[in-house]
Amino acid sequence: MDKTQCPIGVFDSGVGGISVLRELVARMPNENYIFFGDSKNAPYGTKTLGEVQKLTCADAEYLVSQNVKALVVACNTATSAAINILRREYADMPVIGIEPALKPAVHAREYPRVLVMATPMTLREEKFHALMQKFETEADILPLPCPGLVEFVERGELDGAELERFLRELFAPYKEKPVDCVVLGCTHYPFVRGMIQKVLGSRVLVFDGGEGTARETQRRLKECGLCNPSGEKGKITLQNSLASEETERLGWFLLESHQ
Ligand code: DGL
């Protein structure tokens, strides 16, 4: 059966993964996509490992039941908790995960101070420790768990005084000795990038893993002969476990936003 016309399944604990979907569409506009956000159960990053593994497997199964040709785990938390389980379960299809974009940040300056913002689970899991170990001689790497930040994005609160206060408090320990680079290690954070940059100052370089994930997805599709040969614009479907009009509106707004 020709699977090239089948959609690419993309999922996240909520609307954050739309930052990855945006990069996928920019790179491969002719592909069809189904995005599933599990906003009903967000955030994942403060749950137990077992809970996140269970939810991640359910998200993937839901997309696979809709005949997707590949799975993109547009969630750092779900990737660190369950990518190996998913790769075992769906050994016959490309399963692409995301990880904090530490490499470009480390190489952006000479021995930089790099702040890695992510959920508590991403920073606790083995996958991140292995990644950090790879670069620890080249940079001063500072992991910063950010519980509570995902909720701002889920509420559609992408700027304003409360978000600014939250971030100022979060970054207060780095005021004395400023950081050079920030890695957005959670797919929700690119949507508050403007405020992060405002609070930290324009000198700080900001990195996220969305583009690299889109590039890797394209590489895997090519390798497996799964690229859609169509020259037409593909179809994008947004689904969410909350199934509310408000969440749907937020989803489309985020997909079209340029922050
Ligand atoms: N967007 C997710 C990530 O990339 C998870 C946020 C959460 O649900 O805690 O880590």
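In listed order, ligands and their atoms are each counted from 1. On a predicted model such as this, the values are computed, not experimentally measured, just so you know.
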Legend entry - Mode of Cys186 contact toward ligand 1 - side chain, backbone, both, neither (heavy atoms, under 4.0 Å): both
Inset, instruction - Consider every N or O of Asn76 and every N or O of ligand 1, then say whether any pair is closer than 3.5 Å. - result: yes
Legend entry - Gly16 touching ligand 1 at heavy-atom level, < 4.0 angstrom: no
Legend entry - Proximity to ligand 1 by part of Thr77, non-hydrogen separation under 4.0 Å: both
Legend entry - Within reach of ligand 1, part of Asp12 (heavy-atom separation under 4.0 Å): side chain
Inset, instruction - Using the rule that two of Ile, Leu, Val, Met, Phe, Trp, Tyr join whenever any of their side-chain heavy atoms come within less than 4.5 Å, decide whether Tyr174 and Val183 are in one cluster. - result: no
Inset, instruction - Inspect the contact between Arg113 and Asp180 and indicate whether a charged nitrogen and a carboxylate oxygen are less than 4.0 angstrom apart. - result: no
Inset, instruction - Can you sort out which atoms of ligand 1 are near Thr119, meaning under 4.0 Å from one of its heavy atoms? - result: 6 (C), 9 (O), 10 (O)
Inset, instruction - Report the member of Glu154, His188, Met121 with the shortest heavy-atom distance to atom 1 (N) of ligand 1. - result: His188
Inset, instruction - Salt-bridge test for Glu51 and Lys54: reply yes if a basic N is under 4.0 Å from a carboxylate O, no otherwise. - result: no
Legend entry - From Thr247, Asn41, Asp38, residue fulfilling side-chain hydrogen bond (donor to acceptor under 3.5 Å, both in side chains) relative to Ser241: Asp38
Inset, instruction - State if Ala42 counts as touching ligand 1 under the rule of any non-hydrogen atom under 4.0 Å. - result: no
Legend entry - Test applied, side chain to side chain contact (heavy atoms under 4.5 Å, CB included); reference residue, Ile83; option that passes from Ile96, Ile98, Val95: Val95
Inset, instruction - Give a yes or no on whether the ring-centroid distance for Tyr62 and Phe36 is below 6.0 angstrom. - result: yes
Legend entry - SB check Lys40 Glu154 (cutoff 4.0 Å): no
Inset, instruction - Would you check whether Thr187 has a nitrogen or oxygen atom less than 3.5 angstrom from a nitrogen or oxygen atom of ligand 1? - result: yes
Legend entry - Proximal ligand 1 atoms for Gly45, defined as those under 4.0 Å from one of its heavy atoms: 7 (C), 8 (O), 9 (O)
Inset, instruction - Examine Leu142 and Val204 and state if one hydrophobic cluster contains both, with Ile, Leu, Val, Met, Phe, Trp and Tyr joined whenever side-chain heavy atoms are less than 4.5 Å apart. - result: yes
Inset, instruction - Classify the contact between Val150 and ligand 1 as side chain, backbone, both or neither, using a heavy-atom distance cut-off of under 4.0 Å. - result: side chain
